[in-house]
Amino acid sequence: MLEKMKKAKEAVISQAPLIHCITNPISINDCANVVLALGAKPIMAEHPKEVHEITALAKALAVNLGNITDARAESIFISGGVAKNAQIPCVIDVVGAACSALRMELAQRFIRECTPCVIKGNLSEIKALAGVDNAAQGIDVGQKDSVNGKDTQKLQKTGQLVCSYAKKAHAVAMASGAVDIISDGSQVWFVKNGVAELSKVTGTGCMLNVITATYLSVTDPLTACLLSAGTLGICGELADKSRGMGTYHIELINQLSTLSDAQLEQYLQIQRAL
């Protein structure tokens with residue numbers, strides 16, 4: 001798996017794929033800069049009258065339900081349809097699906113009609129999509145839903161839930177959190193990289209979404225998810241935490257632009273569930 005991840009990382013740098021990102025204005029600048037930092041080319045088009053053409057040119061599509069508007073919702077479905085018909089890999093970030101009936105309806109419809117290959121959300125959002133009781137706090141994961149690496153029993157049980165949902169959805173499910181839980185419906189992986197500071201920067205979940213799309217453009221969905229979660233987590237660990245969150249925010253992008261294969265191999269903490 002590590003060798004596949006390294007090859008995908010290099011492929012993005014050598015190919016500079018175009019990544020179409022329909023995200024929210026809260027995180028749009030950071031998302032564009034993150035895609036650039038990895039070596040790809042972002043395009044953030046969201047007008048309903050042009051997204052058909054833009055998506056058709058792209059190598060991957062990332063859509064995001066954060067701060068949703070009527071126009072962005074329309075564009076998401078237009079682009080999702082183009083991606084499906086042209087077999088362009090697509091990831092949806094189901095931001096807020098656990099706290100808003102509108103977002104839940106949009107998420108379920110997009111998954112049903114556009115069949116994204118990756119469904120990404122925090123654990124509360126993935127549980128909500130799976131029809132399981134959850135403790136979402138707005139767009140954030142609820143404390144009762146959160147899982148850390150020390151509670152092995154809860155981690156395994158939650159991995160089974162994510163796996164079951166992935167199988168039902170015919171997609172890779174990525175539940176982000178203190179431990180990222182990723183499943184393609186047959187196998188479950190845990191990514192244990194990351195630090196608390198990542199949750200204190202607005203839009204890091206959105207960044208993870210577009211990082212995933214970037215790697216989806218050059219590799220299979222499971223590898224893309226493992227690489228994206230590991231990459232963001234490692235860079236969060238390496239970023240300078242000593243001078244406050246403003247510096248940390250910028251340093252996070254610095255680390256994403258300079259992460260080496262040697263650092264990926266040294267710091268990556270992934271584990272396949274038994």
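The shown structure was predicted, so the numbers you read here are calculated from the model rather than taken from an experiment. The residues of the chain are indexed from 1 along the displayed sequence.
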Identify each donor-acceptor pair in which a side-chain atom of residues 203-211 lies under 3.5 Å from a protein atom, sequence neighbours left out, and give them as a table.
residue	atom	partner	partner atom	Å
Thr204	OG1	Leu198	O	2.8
Asn209	ND2	Val63	O	3.1

query = Taking C-beta and beyond as the side chain, do Lys7 and Thr219 meet within less than 4.5 Å on heavy atoms?
reply = no
query = Can you find a pair of side-chain heavy atoms, one from Ile181 and one from Leu155, that are under 4.5 Å apart?
reply = yes
query = Charged N to carboxylate O under 4.0 angstrom, Lys167 versus Asp184?
reply = no
key: More than 12 heavy atoms from other groups under 6.0 Å of NZ on Lys241   = yes
query = Given the rule that I, L, V, M, F, W and Y join up when any side-chain heavy atoms are under 4.5 Å apart, are Ile19 and Leu232 in one cluster?
reply = yes
message = What I'd like to find out is whether the side chain of Gln108 reaches to under 4.5 Å of the side chain of Met104, using heavy atoms alone.
response = yes
query = Is it true that the NZ or CZ of Arg109 lies under 6.0 Å from the centre of Phe77's six-membered ring and within 45 degrees of the ring axis?
reply = yes
Pair Asp93 + Lys120: basic N to acidic O under 4.0 Å = yes
task = Answer yes or no: is there a side-chain heavy-atom contact under 4.5 Å between Pro221 and Leu216?
result = yes
message = Under the salt bridge (charged side-chain N to carboxylate O under 4.0 Å, His left out) definition, can you give me all pairs with a residue in residues 64-89, not counting sequence neighbours?
response = Glu46-Arg72
query = Got more than 12 heavy atoms from elsewhere within 6.0 Å of NZ, Lys59?
reply = no
